[in-house]
A.B. asks: 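Take a look at this one; I'll ask things after.
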Number of protein chains: 2
Amino acid sequence: METAKPQKADLSAQIAQAIRDAIVEGRMITGERLPSEAELAEQFNVSRPTVREALKRLAAQSLIRTQRGAFGGAFVNRLSYEEAYGQQITTSTLLLSMNGVSFETACEARYALERACTPLAAARRAPDHLATMRAEIHRQGQPGLSDESFCASDVTFHRALVDAAGNPVLSYQLAGAVEAMQPLMNMITFTARSREAIVAFHTRIADAIEAGDSTAAETALEELAAYTLNLGRNVMEARAAR
Amino acid sequence: METAKPQKADLSAQIAQAIRDAIVEGRMITGERLPSEAELAEQFNVSRPTVREALKRLAAQSLIRTQRGAFGGAFVNRLSYEEAYGQQITTSTLLLSMNGVSFETACEARYALERACTPLAAARRAPDHLATMRAEIHRQGQPGLSDESFCASDVTFHRALVDAAGNPVLSYQLAGAVEAMQPLMNMITFTARSREAIVAFHTRIADAIEAGDSTAAETALEELAAYTLNLGRNVMEARAAR
DNA sequence: TACATTTAAATGTCTGACATTTTCCCCGCA
DNA sequence: TGCGGGGAAAATGTCAGACATTTAAATGTA
């Protein structure tokens, strides 16, 4: 007799999926304790190692957290923004590097997303994030700054711009886009990028946000995107010519 | 004597991290075969079940794929856009539901992101995606359509809008935003949403994209966002009053 | 040469045991 | 009576070994 459900997958994958469904569909709530490994093994009619493999899968997605000792066990985890950021960044980085995403495609996506934040950032003008932007601009102007530090500062600046929108969901969604681009950005930072030009763009963006002028901010951002894109193309051509 | 590296984590977590690092840093490339479980167990000086738990963690993140049989084993997986979509959607859905993200915040983020796509979509005007949008608009006008189907069609329409930007990285980044909102959107679909109004907005958007008029598309999208936001607020108030 | 069979290598699963961690509870003592 | 320490218990973490299953290559045969 054939089974009704598609059961091609491993037992541990099936069990993980069953528990995942229970969590996603709200049948298990945040903080709730799962049955012990032994109990789960009995329920699903498998051995403890199999159950453990399933639980590790869920732990890898931050869906559960485990605690040793008496009255320990596996608990439904409250997925924090930080954890979600981390996964987002890992996934995005790998996606980009493994699918031969071109510099142009990545760059276009990044600036398009960032542009989505500027109206909100301009409307809210959070002092914290503006201060961060100013501080990073100042750092980028220091003569002794290493290329690595400049690049890191660049990321911090753009993260601040995103966070200035004051929407944590937006920040989460964009974390991957901004952070995952760093390797690709490095590719050109070390060769052709003019720090003066970048600082000028950043200053224009910060000024516009501070003034609440969304249009000016978008324009500056678009020009920065065009500048970066052009730089990337030149580097590519130079490499191809070699 | 205290250990230099933070070694609080489980052995399986440490091993998973070590392999993950190797993949992310490019020391192992796509398609490459990992050592067998027995060999890994020997290398890391742990037992096979522990190695297996580590591998399941990686499999849960789609970093590796396993294959049974002779010359099988664990292989570094090429992370496909589809797999990345899936993870993105799961993570986003949980993040939203577990952190009590308000309808307003979610809605704002979603439309801000979607707005990022319109200039590219208007510039490219891909016939495929325009056809999908038109088809969904037509479906949404059918009188016998169930609420579930209408909502699903709504998602398809917006996915098409995103895909019309012709940038797979952008599509990936937004998949979570669009799909994860569905439960929140349902909340109001079944009560107050006017199908005629929605269809009118969708038509305006499709027309603007087809005409290559990015500004008009953004305006229509912003009005749709305002309409949705307002609707959500009313529903909330009605619930609070009860 | 083509096809069926064997074989070996690997993952998938089970059993049982022991180690470790953590909490609770009870007992002894002041 | 109050308090502190020492099990006891429950749970996860880890190990060892065995068997089942799957898959592809190697082998042998018509």
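In what follows, chains are A, B, ... by sequence order, proteins preceding strands, each numbered from 1. Predicted model only: the values in this text are computed from it and were never measured. Keep in mind that the numbers below use all heavy atoms, side chains included, and drop hydrogens, waters and symmetry copies.
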A.B. asks: Could you pull out all residues at least two apart from B:Glu42 that satisfy side chain to side chain donor-acceptor pair (under 3.5 Å)?
C.D. replies: none
A.B. asks: Give every residue pair that meets the salt bridge (Lys or Arg N to Asp or Glu O under 4.0 Å) criterion with at least one member in residues 150-171 of chain B, sequence neighbours excluded.
C.D. replies: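 Qualifying pairs: B:Asp154-B:Arg193, B:Arg159-B:Glu179.
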A.B. asks: Counting primed atoms plus P, OP1 and OP2 as sugar-phosphate and everything else as base, spell out the protein contacts along nucleotides 5-15 of chain D at 4.0 Å heavy-atom distance: B, S or - for each nucleotide, 5' to 3'.
C.D. replies: ----BBSBBBB
A.B. asks: Any salt bridge (Lys or Arg N to Asp or Glu O under 4.0 Å) involving residues 75-101 of chain A? Give me the pairs, sequence neighbours left out, ordered by first then second residue.
C.D. replies: none
A.B. asks: Check the distance between C:dT15's P and A:Glu42's CD and give it to me in whole angstrom.
C.D. replies: 12 Å
A.B. asks: Tell me every residue that passes side chain to side chain donor-acceptor pair (under 3.5 Å) with B:Thr105, counting only those two or more places apart in sequence or in another chain.
C.D. replies: B:Ser102
A.B. asks: Rounded to the nearest Å, what distance is computed from the CG atom of residue B:Leu40 to the P atom of nucleotide C:dA9?
C.D. replies: 17 Å
A.B. asks: Checking A:Glu114 now: which residues fulfil side chain to side chain donor-acceptor pair (under 3.5 Å) with it, not counting sequence neighbours?
C.D. replies: A:Arg110, A:His158
